[in-house]
Each structure stands twice: as structure tokens, then as C-alpha cells.
Amino acid sequence: MKQELSSGGMSSLTSPSRRDVIKTLAAASAGLLFSPNTLLAATRQKKDRLGVALVGLGYYSTDLLAPALQQTKNCYLAGIVTGTPSKAEDWKKKYNIPDKNIYNYQTFDQIANNPDIDVVYVVLPPSLHKEYVIRAANAGKHVWCEKPMAISVAECRAMIDACKKNKRSLAIGYRLQHEPNTQEYTQIVRTSKLGKVLKASCGAGYVENRTNHWKQNKELGGGVLYDMGVYAIQGARLGTGMEPVGVMNAKTSTTRPQIYKNGLDETTTATLAFRTGIVVDIKTSFGENINYLNINCEKGEIKVSPYQAYAGVAADSPLGQINHKYQVPWQQAKQMDDDANSIMQQKNMLVPGEEGLRDIKIVEAIYKSAATGRPVEI
Ligand code: NAD
């Protein structure tokens, strides 16, 4: 921080007249020399817990993130952003949130002037992620953003750029990457404890009974590949420890065309190809409960099931069972504590924006392959 101050505004103090010095110091003390972001950042460094504002008080914020923020040690629920006044009232009472930390989508940018809020957590439908991540970063806040990061690679890049420009951290809410069972099988793969990976398959899906939600609305980021498909893509990447170089055999379908209209995918399957020649079959669906990752290695198979449940991930392998136990919403608390700690320690985020972008690149390739019926290089 010292460096930022001395290499920034103070350079104007080179060989000054006495009057210039007095003028410059007066401007500095009025906060005119340094951006509000720099000054807020200076205050933030001293905190031992970060204040988090949740943007969008739907299912995930209500049922998982707010309860998790009652358990976290490195951060706490400091504010909310909602378009529904009755929700603001309910949350204010339930979580003791002061009026000055409650925003709606029109007043949101004023969050820049609120030192209680260090992190803005965007928990909106995917098509709104880009706008709110960029507004939060421009307001000088660190940003956490739910998966899928956005609905295009171009949007992901704009979000990463905005956070970089404002020197703010950006993390994507992939809770599993903070989860100990996931970390354990990932480590087995990365260190080749069971030899090379020969093949894998991953499925992520559930029966979605809502018929008129953003998940069925393309403009808002609907379609199963964005919502659940990114879990299957993460499984393919974590389960091989590699990045896919191509997509084949991609197919989108629906058995409920009255709900999944105009080609919107209720189910998507694809084969991801990797440089070593191995392939991973993925399946994602809003019409079927599927939750597995199978990793065939030279010395045996790792079977992860459930692969992505809130209550726990469990795996069997020739090296024994992987099954660290915990209660809901521990995963979300762990994720937010990890991310808050990284911000306070000025470390890189475990799951940065670039990680969300990698998945959206693959999503785009799968949709392109499904539309053209041809393999697509990534
Ligand atoms: P939800 O529909 O329950 O909530 C979305 C919220 O956004 C609502 O409060 C809604 O009022 C608000 N909103 C603001 N503008 C809106 C608009 N124009 N249209 C629709 N809603 C609008 O959704 P959710 O299940 O809470 O999902 C939110 C985000 O969280 C998504 O990105 C989703 O993928 C993600 N999510 C992640 C996990 C996880 O395990 N990491 C789990 C569930 C959801």
C-alpha cells in the first residue's frame, strides 16, 4: 500500500514550492489525491473479518450462503442488494443488517462509499453476472461470483479485466474446489498415485420441476449446460488434471419441448478430448438425477458418488475410501472463509475468474459442436 501511495500522488511533491506542498497535502487529506478505492483498500487491510454483501436474495443466498455466513470466521454478512422491499425487511430483521447496508439495484453503485462492505457476492441469474461484477469492481469491492461465471467468453473476459483494472480480487463460487474429498481425489490424479488417467465420465443433473424459471429462459442464462453442465465440465477437468483440446459427439435434447423451448437444452451430452488421447464423456440434465465422476486410472478406478452434493462428496478408490464428513452449509462457509482469507493475506484466489472462463470456453465449444454436428477444437 505504501508503494501505491508514494508512486502515485506523492510524485507531484518533487521540487515543490512551500505553497504547492501545503496545497498538495490539503488535497491529500481531503482524499482528493487518491482514488476512493485506494483509501478504502488502505482501511480494509486492517480488518480481521471482511464484510460481504449478497446481491440477489433467491434460493442459493437464502438457503445456503446466508446461513453459511453465520458460521464463517473470516467474513460475515454485512449487507444485501435486493429489488424486493419485503425481502429487505425480512433479512434486516433476521440478520440484524443496518439500513445503511441495504441496497436495491438502482442504489447499488453507492456501495462504493460503504466501508462495511469489502466483498460483493453476485448470486443472480447468469446473464446478470457480468453487469454486477463490473459494477462491484468499479465500486472498489472485491467480487465473488456464482457459477456459471457468465454466458459468454467475451463476458468473462470483461469481468476479469474490470477486476484487474480496479485491482480487486475475483473468485468464482465453485464450492467443490474448496471441499476436502474433491481436493483428495484431485491430488491423487495430479500426483499419478494410481498411474495415468485412461478414461473418465461425469454426470451432473437433477429433476427440475419449475417450468418458468430463469433456467428455462435462454436470455437469462438458462439451459442445463450453463447451470449443471459446468459441474460435469469441472469433473472432466479435475478428474484428468488436464484441459480438453476438443469436443465431439455433442448433443442437446429435451423431452419437454413445451418447457425447454426453441432448442434450449434440458439434457446435453458430449465427449471431451484431451491431448494425451484420452476422452471424457459428460452428461448433464434437468430431467434426471445423476451425480457421478468415474476416473479410470492405470492402477484402478476412482468412483466419486455423490460427486457434487452439498451434504458431502464421497469417493472409493483402490487407495481406500475418501469421505470427510460435514454438515450443510459447511462447503459454502469453507469456500467463503478460504476466499476471504486469500483477500486479507493478499494471495491469489483458489478459483479465480480465469477458472470460470475456462469452463465457459468449453460450454461454447459444446453448443457449437451440437449445433453443427461436427467436432470443435478448443
Ligand atoms: P434464484 O432464481 O432462486 O434467485 C435469483 C435471484 O435473482 C432472485 O432473488 C431474483 O429476484 C433475482 N433477480 C434479479 N433480477 C432478476 C431477473 N431479471 N430475473 C430473474 N431473477 C432476478 O436462483 P438461485 O438458484 O439462487 O441461483 C442464483 C445463482 O447462484 C446462479 O448463478 C446459480 O447457478 C447459482 N447457484 C449456485 C449453486 C452452487 O452450489 N454453487 C447452487 C445454486 C445456485
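For ligands, and for the atoms within them, numbers begin at 1 and follow the listed sequence.
Side-chain contacts under 4.5 Å among hydrophobic residues (ILVMFWY), followed directly or transitively, place L198 with no other residue at all.
Around ligand 1, the residues contributing at least one heavy atom under 4.0 Å from the ligand are L57, G58, Y59, Y60, K87, Y105, V123, L124, P125, L128, H129, E146, K147, P148, G173, R175, H213, W214, L220, D227, Y231, Y310.
Without hydrogens or angle criteria, K87 side chain to L57 main chain gives a donor-acceptor distance under 3.5 Å.
Between L124 and Y105, the closest side-chain pair of non-hydrogen atoms falls below 4.5 Å.
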Name each donor-acceptor pair under 3.5 Å that joins a side chain in residues 299-311 to protein atoms two or more places apart or in another chain, with its distance.
from: Y307; atom 1: OH; to: Y231; atom 2: O; distance (Å): 2.5
from: Y307; atom 1: OH; to: G235; atom 2: N; distance (Å): 3.0
from: Q308; atom 1: OE1; to: R175; atom 2: NH2; distance (Å): 2.9

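In this view, D281 and K199, S201, T271 satisfy the side-chain contact (heavy atoms from CB on, under 4.5 Å) rule, not counting sequence neighbours.
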message = Go through it in stages, so that I can follow the logic: the residues are W91 and L54, the test is side-chain contact (heavy atoms from CB on, under 4.5 Å), and I'd like the CA-CA distance, side-chain angles, deciding distance and then a yes or no.
response = CA-CA 11 Å; W91 280 62; L54 294 174; 3.9 Å; yes

